[in-house]
Amino acid sequence: MINYSLSPRAVDPSKQDGEKRYYPNAQTAKNMQLDEFANHISKHNCPYHRSDIGAVLTRSVDCLREMLLEGNKVCLGDLGNFYVRLESKGAVSVEKFNPSTDILSVKVYWEPGPLFRDLIKDAEFVNVATRRAQDATLRAERAGMTTVDISKATGSGDGGAGNGSEDGSEDGSGTGGSGNTGTGSEDIPPVLGGDDEGGSSGGGSSDGSDDIIIDEGRV
């Protein structure tokens, strides 16, 4: 099941004191390391030991990187496809283009396979407290307090304008949720929004219509 918390964000990012709506932010239950994942696989009626699975996964990463650097698109069935795209500066002409200076980075992209294109059909959701509220409760418990002011822990939480911080949009200092795009109808394209720990944002403007925000920040 997927844990999520709710945080308010301005419907119109240019009016941070205006109407706000609550959006879900996916929360990571745990960081599963490679050895744990290999152990999990070994328990699914797998004839191989977790050390063997871990070795194969590690070698797979090395080989995937090697194949991408050779310009291949690696297609892994239901897992999906991996390929690269180039980030670069533009050149005034073909003759003036120099890959050693004009290509800035090589980005790896994942194209989800059939089993990963839409997880919502099999997902179960659990509403939990925000990270800040959890931290505030834990601090209060350690200090022997019997009550905690959640409003001080969560702040304005609208993911307003600003440079963002480690604590992100829950105290209004992050950049998450600043890219709402409105078209005047219920059915509009999704835009990017942050999470309650400081996520990324999508650009755009809003006319106050119902919007969709994709949670794409840190969890």
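Cluster membership check: Ile2 does not share its hydrophobic cluster with Phe37, using side-chain heavy-atom separations under 4.5 Å among Ile, Leu, Val, Met, Phe, Trp and Tyr. Cluster membership for Val106 and Phe82, using ILVMFWY side-chain heavy atoms within less than 4.5 angstrom, is shared. Residues Ile53 and Val56 do not share a hydrophobic cluster, defined by chaining ILVMFWY side chains whose heavy atoms lie under 4.5 Å apart. Leu57 and Leu64 fall into different hydrophobic clusters, where Ile, Leu, Val, Met, Phe, Trp and Tyr are joined by side-chain heavy atoms under 4.5 Å apart, directly or via other members. In this structure, Val148 is not a member of the same hydrophobic cluster as Met145, with clusters built from ILVMFWY side-chain heavy atoms closer than 4.5 Å.
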Verdict with reasoning, Gln33 to Asn31, per side-chain contact (heavy atoms from CB on, under 4.5 Å): CA-CA 6 Å; Gln33 304 301 321; Asn31 293 328; 3.9 Å; yes
Derivation and outcome, side-chain contact (heavy atoms from CB on, under 4.5 Å), residues Tyr83 and Val74: CA-CA 7 Å; Tyr83 58 97; Val74 182; over 6 Å; no
Step-by-step side-chain contact (heavy atoms from CB on, under 4.5 Å) determination, Asn39 to Met32: CA-CA 11 Å; Asn39 187 50; Met32 178 173 276; over 6 Å; no
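Here the side chain of Gln134 pairs a donor or acceptor atom with the backbone of Ala129 at under 3.5 angstrom.
For Phe97, the side-chain contact (heavy atoms from CB on, under 4.5 Å) test picks out Ala91, Pro99, Asp102, Ile103, with sequence neighbours left out.
At least one side-chain heavy atom of Thr28 sits less than 4.5 Å from a side-chain heavy atom of Arg131.
A salt bridge is defined here as a Lys NZ or Arg NE, NH1 or NH2 lying under 4.0 Å from an Asp or Glu carboxylate O, and Glu19 with Arg21 meets this definition.
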Indicate every side-chain donor-acceptor pair of residues 109-126 with a distance under 3.5 Å to a residue at least two apart or in another chain.
{"unit_1": "Trp110", "atom_1": "NE1", "unit_2": "Leu79", "atom_2": "O", "d": "2.8"}
{"unit_1": "Glu111", "atom_1": "OE1", "unit_2": "Asn81", "atom_2": "ND2", "d": "2.5"}
{"unit_1": "Arg117", "atom_1": "NE", "unit_2": "Pro112", "atom_2": "O", "d": "3.4"}
{"unit_1": "Asp118", "atom_1": "OD1", "unit_2": "Ile120", "atom_2": "N", "d": "3.3"}

